[in-house]
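Everything numeric here is computed off the predicted structure, so don't read it as measured data.
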Amino acid sequence: MVTATTDDGTDGARTLAVTVRDLLPAERPGVVVIGTASGGRANLVAAVNASAKASGLHAARLVKRLLNGKGGGSAQLAQGGGMSADRLQDVLEAVPTTLSER
């Protein structure tokens with residue numbers, strides 16, 4: 001699992017999440033969650049590799065759980081946002097717990 005932030009906006013966060021996901025070992029479940037903030041609002045992008053998907057992890061469900069239902073996408077790549085930028089770090093810190101509760 002990898003969490004990080006970027007100042008490159010949502011498109012940059014998506015590119016970073018996919019790039020890092022693709023660098024993770026394919027035989028082990030991998031999850032990447034990248035946050036970005038601008039103008040007082042924050043967004044998240046989550047990417048899971050094929051092994052994580054096969055084990056039941058789902059990027060869109062993860063984003064929705066982290067953001068209380070706000071977000072969407074596919075099983076392997078999802079995004080959501082609208083939260084206050086000051087919540088971003090807390091949401092990223094909640095990723096391990098959220099994954100363990102699935």
Side-chain angles (χ1 to χ4, degrees):
M1 177 200 56
V2 177
T3 61
T5 60
T6 183
D7 294 329
D8 291 335
T10 304
D11 289 340
R14 187 179 315 106
T15 299
L16 181 59
V18 169
T19 299
V20 172
R21 177 196 66 195
D22 292 347
L23 293 172
L24 297 175
E27 67 278 358
R28 295 180 54 198
V31 177
V32 179
V33 180
I34 307 295
T36 187
S38 178
R41 305 309 286 172
N43 294 299
L44 287 181
V45 176
V48 301
N49 65 11
S51 182
K53 181 182 169 198
S55 73
L57 291 172
H58 191 284
R61 281 188 231 136
L62 174 61
V63 168
K64 286 180 181 184
R65 288 182 69 197
L66 290 167
L67 299 177
N68 298 315
K70 298 177 184 176
S74 70
Q76 290 185 290
L77 183 65
Q79 69 184 52
M83 71 180 148
S84 174
D86 61 353
R87 289 194 53 231
L88 181 57
Q89 194 59 44
D90 291 336
V91 170
L92 290 173
E93 289 173 6
V95 171
T97 302
T98 303
L99 288 172
S100 69
E101 293 173 347
R102 64 178 176 98

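Taking NZ from K53 and NE2 from H58, the interatomic distance works out to 7.5 Å, rounded to the nearest 0.5 Å. K64 NZ to T98 OG1: the interatomic distance, rounded to the nearest 0.5 Å, is 15.5 Å.
At least one side-chain heavy atom of L66 sits less than 4.5 Å from a side-chain heavy atom of V95.
Judged purely by atom type and a 3.5 angstrom limit, T6 has no side-chain atom pairing as donor or acceptor with the backbone of T36.
Pairs passing the salt bridge (charged side-chain N to carboxylate O under 4.0 Å, His left out) check and including a residue from residues 13-33, sequence neighbours excluded, read D11-R14.
L16 forms part of a hydrophobic cluster together with V2, V20, L24, V32, I34, judged by ILVMFWY side-chain heavy-atom separations under 4.5 Å.
One hydrophobic cluster holds both V91 and M1 under the rule that ILVMFWY side chains link at heavy-atom gaps under 4.5 Å. V48 is connected to V63 through a chain of hydrophobic side-chain contacts under 4.5 Å among Ile, Leu, Val, Met, Phe, Trp and Tyr, so both are in one cluster. Using a 4.5 Å cut-off between side-chain heavy atoms of Ile, Leu, Val, Met, Phe, Trp and Tyr, with links allowed through other members, L67 and V45 fall into different hydrophobic clusters. Both L57 and L92 sit in one connected hydrophobic cluster of ILVMFWY residues. Membership requires side-chain heavy atoms under 4.5 Å apart, directly or through other members.
The side chain to side chain contact (heavy atoms under 4.5 Å, CB included) search around S38 returns none, not counting sequence neighbours. Remark: T5 engages no residue in a side chain to side chain donor-acceptor pair (under 3.5 Å) (not counting sequence neighbours). Residues passing the side chain to side chain contact (heavy atoms under 4.5 Å, CB included) test with S74 are Q76, L77, sequence neighbours excluded.
Contact between A60 and G72 at its shortest, heavy atoms only, is CB-C, 4.1 Å. Nearest approach of A26 to S51, heavy atoms of both residues: O-CB, 3.3 Å. Nearest heavy-atom pair, A17 versus A47, reported as atom, atom and distance to 0.1 Å: O-CB, 3.9 Å. A pairwise comparison of heavy atoms in A46 and V33 identifies CB-CG2, 4.1 Å as the closest pair.
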Hey, can you pull the donor-acceptor pairs under 3.5 Å for the side chains in residues 80-89, sequence neighbours left out?
{"from": "S84", "atom 1": "OG", "to": "D86", "atom 2": "OD1", "distance (Å)": "2.4"}

